[in-house]
Structure formats: C-alpha cells, structure tokens
Peer 1: 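I'd like to ask you about the structure that follows.
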Amino acid sequence: MGENFGASIVEVINGVQSPWRILQPPTGTGKTQGTCVYAAMQADLNRETEGTRRPVGIIIVTRLKEDANNIAATVNTLAGRSVAVVHHSDSYATPEELHESDVVIITHQAFLNAKRKLKGQDGRPWDRLVSWRGGQRLLTIIDEALANVVDESSATTENLAFVISLIPPAVRVALPEQVTLLEQVHHVLLAYVDLDDLDGAMSLIWEDGSAPACVDFAPLLSAMHALPYDRIVYNRNSTWDRTRLAERVEETITAVQSCLDQFAYYSKSGEWHSINSAALAVPLNTPGPVVLDATARANFLWDLFEERHVRPTVPGRARDYSSVKLHVARGTGLGKNAMIERIKERLPRIRQAVEDAVSPERSVFMCVHKDVEELVVKKWAEKSNFKQFAVGHWGAVDGRNTWQDFDTAVILGLPYRPQTWATNMFCALQGAQDDKWLKSPEWKHYNNVRREMEQRQMSVSVIQAINRICCRHVIDAEGHCPAADIFIVLPQDAVGDAILDDIKVDMPGINVRPWDFSLDTAKEKRPRAGSSHVRLIDYMTKHAAGTVSLSEIQHALQLKNLKKLRETLNDKEHPTTQALIGLGVTYNPGVGRGSKSFLAKAA
C-alpha cells in the first residue's frame, strides 16, 4: 500500500495523470488501519519539512459517515494532534478547516456528489476538496469499491404520460419549448413501443449530438415543484403523497434532460417501456487515486477502466478461511419478485433448517431483499431462539461493521439486476453502443459481456454480505478467522457455479459443504390438458432437430398472439418450459428491432 501511495504522489507532482491503482488486500488485512498510519506519518513529515519541500495533502474516501468519523479520530490519535477533518452531511468542515487540514475524510456519496456538481459547472465543492494550503492534494485513497459509480437515467412511457398530464395550462403557455420537447420525447418512445413487442428489447434512439434540440428543464422543474399533487391526483391533503408524487415528476423530467444531453436507448422489461441513458459519476481526474477493494478481482468495473487503471500484485496467502463452513443448497426463484411472492411459505422452511443446523447460543445475520425484510423481522427476528438475530438487505450491507461479531450468516435470495444496469455501466465507461451491440453485446473475448457483468456483480455482492460477520476478523499470523457458518442458496445453473467459484477464490481455504435443503416443496406441475401448451409440447416432440420461429409456431397452432407464449418461455420454472427443456428445446428471444425469436431443438 505504501509503495503505491508514494508512486501516485510522485506522478501527480511530476504533472502525470496518475492511473487508478486498484489494490486487493483481502478483508481483515488492515487496509483501513494502514491508511490511517500512512496519513498520520505523512502529516508528521509535512510538519518536519515545512518550507523545504512540498507538503502532501490526502483525501480519504470511505463508505459510511461513521467510518469517516472513526478514521479521522484514528489519524489524529496517531499523529498526536488534529491533522484530519471529516466533511459529510452530519459534520461539514469549514472552508478554513479544509484549507489547513493535511487529511480530509469524506464519504463515497460526497465524493460522487462533488463530481456531479462539477459536471453542472459548479466546481466549488470539488475545488474545496482537492485544494488546500499546500496547493493541490496529491493522494486520494478510496477505501472499498465505490458504489453507484454510474448515474443511471430512466423514464417510462407511463411516467412521461403522467408528468405531461399534470402540466397546468399556465405552465404550458410560459414554457412552450420545455413542454413541447417533453411531449416529443414521449412520442418518440411510443413509436419504439409500437415497433417492437419483444421482452428485453433494446434499440439505440440517438447518439451524442443527434438528439432533438435540448433546452434547460430547470424552469419547468421549478414550476412543477410548486404544484399540490396530493389534491390534483387524489383530491385530498397528504404531505406524504405530495412529496412522493413531486419526486416522481422530478425524477422523470431530470431523466429526460440526461437522455437529451447524451446518448439514449429504448428498453423493454416486462410490461415497462423506457428511455434510458447513463454517465460516469467518478471524477477520472482525481489526484493520485488508489482504491483498496477487497473484491476487485470480481468487480467488472475495473475491467471497463482499461488503460486508465493498473492492478499491482498484492502479496498472497494473507488469509485462511478454513475455519469457515459454507453450506450450499441449490434452488430456483431467487430473485426479488419470486421471493416476495413465496416468502411466507419459504420462511418457515429456512428457519427450521437453520435452527436444526446451529445451536441457540449462536448469533445469526440474515441478508434478504429489502421488500421481504420487514416480514422476516416480524416472523423470525422478533421471536428468535438465537442469542442474536439480525436482518439486513441487499444494497445496505456492503462495508458495514454492524454484524462483525456474529458467527452465522444466512444469504436468502440474490440481488439480480435489470439488463439496463449492465448496459448503462458499459456505455458510461465505453461510450454509446449501436443496435448491433445492444442485440449481441460482445466485448473482447466475452460473447455476452452483459451477462458476465451481471454475474460478477452478483459475486461481489454475495462476498460482501458473507464478510459482514466474524470471518472478516484475523486472529493469528496465518490469517485465520473465528469459526463461522454460512448458509446460502445458489441458482441451479452456470451463474450459481460461477458465484461459488468466485467465493472460493476470494476466500481461500473456505470449507464448502453441500446443504441438504430445498427452498420450495416439491410440486408436480403439468400443462392443462387440451391447452396450447400441450399442443406446443406435442408439436416440438414431433419436430425435427433445428430451429423454428415463433411466427411459424403461431401459424401452426393457430394462436391469436404471441404475448402469453413469450411470457411462458421466459419463465424457466414454468412446467411447459421445463417440459421443452426435457426435449432438448431452448428458447432464443430476439433482441432489437426486426430480430426474430425462435425455438431450437438439439439433435
């Protein structure tokens, strides 16, 4: 760490745009403590060499405000004086403190917000962070992987129609350009809906510079913000409704502004049609950036940085997880929607299985989807037989030390991301892509880079969740940790295999064991006799090996439309789809305008 901190400092002093150095010291090896020691030593050196050499100012970026406070206290204790100051929403530093302090500690969110204001031509927040009494700060240490590094913008046809319907006549007269352009974007999006009815379809709407003439939507936002939405929509007084609807209007108009300012593409997900865009929120010109990311190997973000980053070799064998037992079951329906639908039936089964496996004196942490967290707390956490039982949800567990003394973790459900997430991430770093890429997202040696990105991000999230408990602590010189049990249900496919492989690589020595647990009770499902599903199975049973388009099937089976058939084929758990898989038949959905969906039967 020290070598890379020093190299970054020297490059900035020499006027070289330093590449992002991505280090992967494993969890528990002292990344944060080492950062504090280095910062305190540098502050001492600044004082000892004052007037003879350029002082080095440091920015430390950490995930949570609590972490920022602890780092500042540790640096100041090590230095024996006040050399570090925090700057976040609970404790803003004064301009004088920012100017005088050797070390400024901010949160990930504050770091990204400063970049967003810089994009809006307000450079003051960024300048206050990177400038101090020694000139430009020379080193930026980012503790843990940055979250939300891409600003994603999305507006659905429904939200656009909703916003347009609320615009009062007076606002239409006062701001005709803004209103006309908003309506034009809605019409453009509706045209794509009419042209393409394929699940998961994506098409480029416009690239940089080819969008309709853009105007500033700030006056429209200001005018709409004053409306009493609760009375207009529901004819009642409700502060909560007014705030909620105002946020929906603001998000929609802001998304349209972003889509007009940069590239935009159409996407269909289920019944939702949307216009989308994205932009990188990370300031690439950050002075001397060094990232300490325990999951850097699996994090595809750094692959997309390409020549803008380097990954120095980190000494190996620093950790040994042989005292950790990873109990792995396989299942289906692990996404948010399936969990919401089945959690009431599943929760008693998972509770019984865990209580049978571990003793009451254990402390259990459970990671679930946010939408089922309240039910898990009510049905289990409030009546738990364990010493401690706590629940967290995806998106709010990374980097937290809340459960660091727990000895058991249960990972129930996985944080699948929409297809637009990978597209937005890729385009924000690699530039807008054409229809060919949106249909077939190839990059370097990846035939489907979106799928790779989604899987690896899933691995990052799972590894982060697992390491919230005591296995993050090192207890001896060999890097061992206290004994712990992890229970997880992984998909019954290649994604589940890849996640397990990533866990084993990032947690060397972990003791993987099969877990004899079924998330759902076995149910025999059969297509309804005489239905189009039965006729489809019979049709494909008799069909020779090869491909057959859905339009051919529609004609042969005399189907009115293909909407329900597509929904069935996209559901891998549907009995009809399972029956087709048993026949060696796979569904290949078309992606993009003009593309065709088909079934392929293996020889």
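Numbering of residues begins at 1 and proceeds along the displayed sequence. Every heavy atom of this structure was used, including side-chain atoms; hydrogens, water molecules and symmetry mates were not.
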Peer 1: Below 3.5 Å, can you tabulate the donor-acceptor pairs from side chains in residues 26-38 to any protein atom, sequence neighbours excluded?
Peer 2:
| from | atom 1 | to | atom 2 | distance (Å) |
| --- | --- | --- | --- | --- |
| Thr29 | OG1 | Pro26 | O | 2.5 |
| Thr32 | OG1 | Asp143 | OD2 | 2.6 |
| Thr35 | OG1 | Lys31 | O | 2.9 |

Peer 1: For Asp293 and Thr295, does a side-chain donor sit closer than 3.5 Å to a side-chain acceptor?
Peer 2: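 Yes, Thr295 and Asp293 have a side-chain donor paired with an acceptor closer than 3.5 Å.
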Peer 1: Is Cys481 close to Arg319 at the side-chain level, that is, under 4.5 Å between some pair of heavy atoms?
Peer 2: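 The answer is yes, as the side chains (C-beta and beyond) meet within the 4.5 Å cut-off.
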Peer 1: Do other residues, nucleotides or ligands put more than 12 heavy atoms under 6.0 Å from Glu452 CD?
Peer 2: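 Above 12, so yes.
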Peer 1: Within the structure provided, determine whether Ile106 and Leu129 are in side-chain contact (heavy-atom separation under 4.5 Å).
Peer 2: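 A side-chain contact under 4.5 Å exists here.
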Peer 1: Counting neighbours of CZ on Arg53 that are heavy atoms of other residues, nucleotides or ligands and sit closer than 6.0 Å, is the number greater than 12?
Peer 2: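 No - once you tally the heavy atoms of other residues, nucleotides and ligands closer than 6.0 Å, there are 12 at most.
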Peer 1: Would Gln17 and Glu11 satisfy side-chain hydrogen bond (donor to acceptor under 3.5 Å, both in side chains), going step by step from the backbone distance to the final call?
Peer 2: CA-CA 7 Å; Gln17 178 55 56; Glu11 286 173 348; over 6 Å; no
Peer 1: Please tell me if the side chains of Leu98 and His87 come closer than 4.5 Å, counting only heavy atoms from C-beta onward.
Peer 2: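 Of all side-chain heavy-atom pairs linking His87 with Leu98, at least one is under 4.5 Å.
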Peer 1: Is there a donor-acceptor contact under 3.5 Å linking the side chains of Asp303 and His309?
Peer 2: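 The answer is no; no qualifying pair exists.
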Peer 1: Are Asn46 and Gln42 close enough, and set up right, to give a side-chain hydrogen bond (donor to acceptor under 3.5 Å, both in side chains), and what steps lead you there?
Peer 2: CA-CA 6 Å; Asn46 289 343; Gln42 184 61 62; 3.0 Å; yes
Peer 1: Sort and list the pairs that fulfil side chain to side chain donor-acceptor pair (under 3.5 Å) and have at least one residue in residues 390-400, not counting sequence neighbours.
Peer 2: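 Qualifying pairs: Glu373-His393.
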Peer 1: Decide whether Gln455 and Ser459 meet the rule of one side-chain donor and one side-chain acceptor closer than 3.5 Å.
Peer 2: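 Yes, Ser459 and Gln455 have a side-chain donor paired with an acceptor closer than 3.5 Å.
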Peer 1: Is it the case that Ser89 and Lys65 place a side-chain donor and acceptor less than 3.5 Å from each other?
Peer 2: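 Looking only at side-chain atoms, Lys65 and Ser89 do form a donor-acceptor pair, the distance falling under 3.5 Å.
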Peer 1: Any side-chain heavy-atom pair from Arg362 and Asp485 closer than 4.5 angstrom?
Peer 2: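 Yes, at least one pair of side-chain atoms sits under 4.5 Å.
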Peer 1: Look at the aromatic rings of Tyr446 and Trp443 and report parallel, tilted or perpendicular, splitting at 30° and 60°.
Peer 2: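 Parallel: the ring planes of Tyr446 and Trp443 meet at under 30°.
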Peer 1: Is the CG atom of Asn14 crowded by more than 12 outside heavy atoms at less than 6.0 Å?
Peer 2: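 Yes, enclosed.
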Peer 1: Could you tell me whether the side chains of Arg21 and Ser8 share a donor-acceptor contact shorter than 3.5 Å?
Peer 2: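 Indeed, the side chains of Arg21 and Ser8 share at least one donor-acceptor pair under 3.5 Å.
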Peer 1: Phe111 vs Trp126 aromatic rings, parallel, tilted or perpendicular, using cut-offs 30° and 60°?
Peer 2: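 The arrangement is tilted - the two ring planes meet at 30° to 60°.
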Peer 1: Looking at Trp403, is Arg472 sitting on its ring face, NZ or CZ under 6.0 Å from the six-membered ring centre and within 45 degrees of the normal?
Peer 2: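 Judged by the rule (NZ or CZ under 6.0 Å from the ring centre, within 45° of its axis), Arg472 is not positioned above Trp403.
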Peer 1: Does the side chain of Glu152 pick up a donor-acceptor pair with the side chain of Asn424 at under 3.5 Å?
Peer 2: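 Result is yes, a qualifying pair exists.
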Peer 1: My understanding is that only residues two or more places apart in sequence, or in another chain, count here; which of them pass side-chain hydrogen bond (donor to acceptor under 3.5 Å, both in side chains) with Arg297?
Peer 2: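 Asp502, Asp506.
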Peer 1: Between Arg417 and Thr420, is any side-chain donor less than 3.5 angstrom from a side-chain acceptor?
Peer 2: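 Not at all, the side chains of Arg417 and Thr420 share no donor-acceptor pair under 3.5 Å.
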Peer 1: Determine whether Ile141 and Val61 make a side-chain contact, defined as any pair of heavy atoms from C-beta on separated by less than 4.5 Å.
Peer 2: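 No, side chains not in contact.
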Peer 1: Mind checking whether Ile58 and Leu138 have side chains closer than 4.5 Å, heavy atoms only?
Peer 2: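 Ile58 vs Leu138: side chains apart.
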Peer 1: Between Asn276 and Ser267, do the side chains contain a donor N or O and an acceptor N or O under 3.5 Å apart?
Peer 2: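 The answer is no; no qualifying pair exists.
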Peer 1: Let me see the working for Gln109 and Thr107 under side-chain hydrogen bond (donor to acceptor under 3.5 Å, both in side chains), right down to the final yes or no.
Peer 2: CA-CA 5 Å; Gln109 196 59 53; Thr107 61; over 6 Å; no
Peer 1: Any non-hydrogen side-chain atom of Gln457 less than 4.5 Å from a side-chain atom of Phe300?
Peer 2: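 Counting from C-beta outward, Gln457 and Phe300 never come under 4.5 Å.
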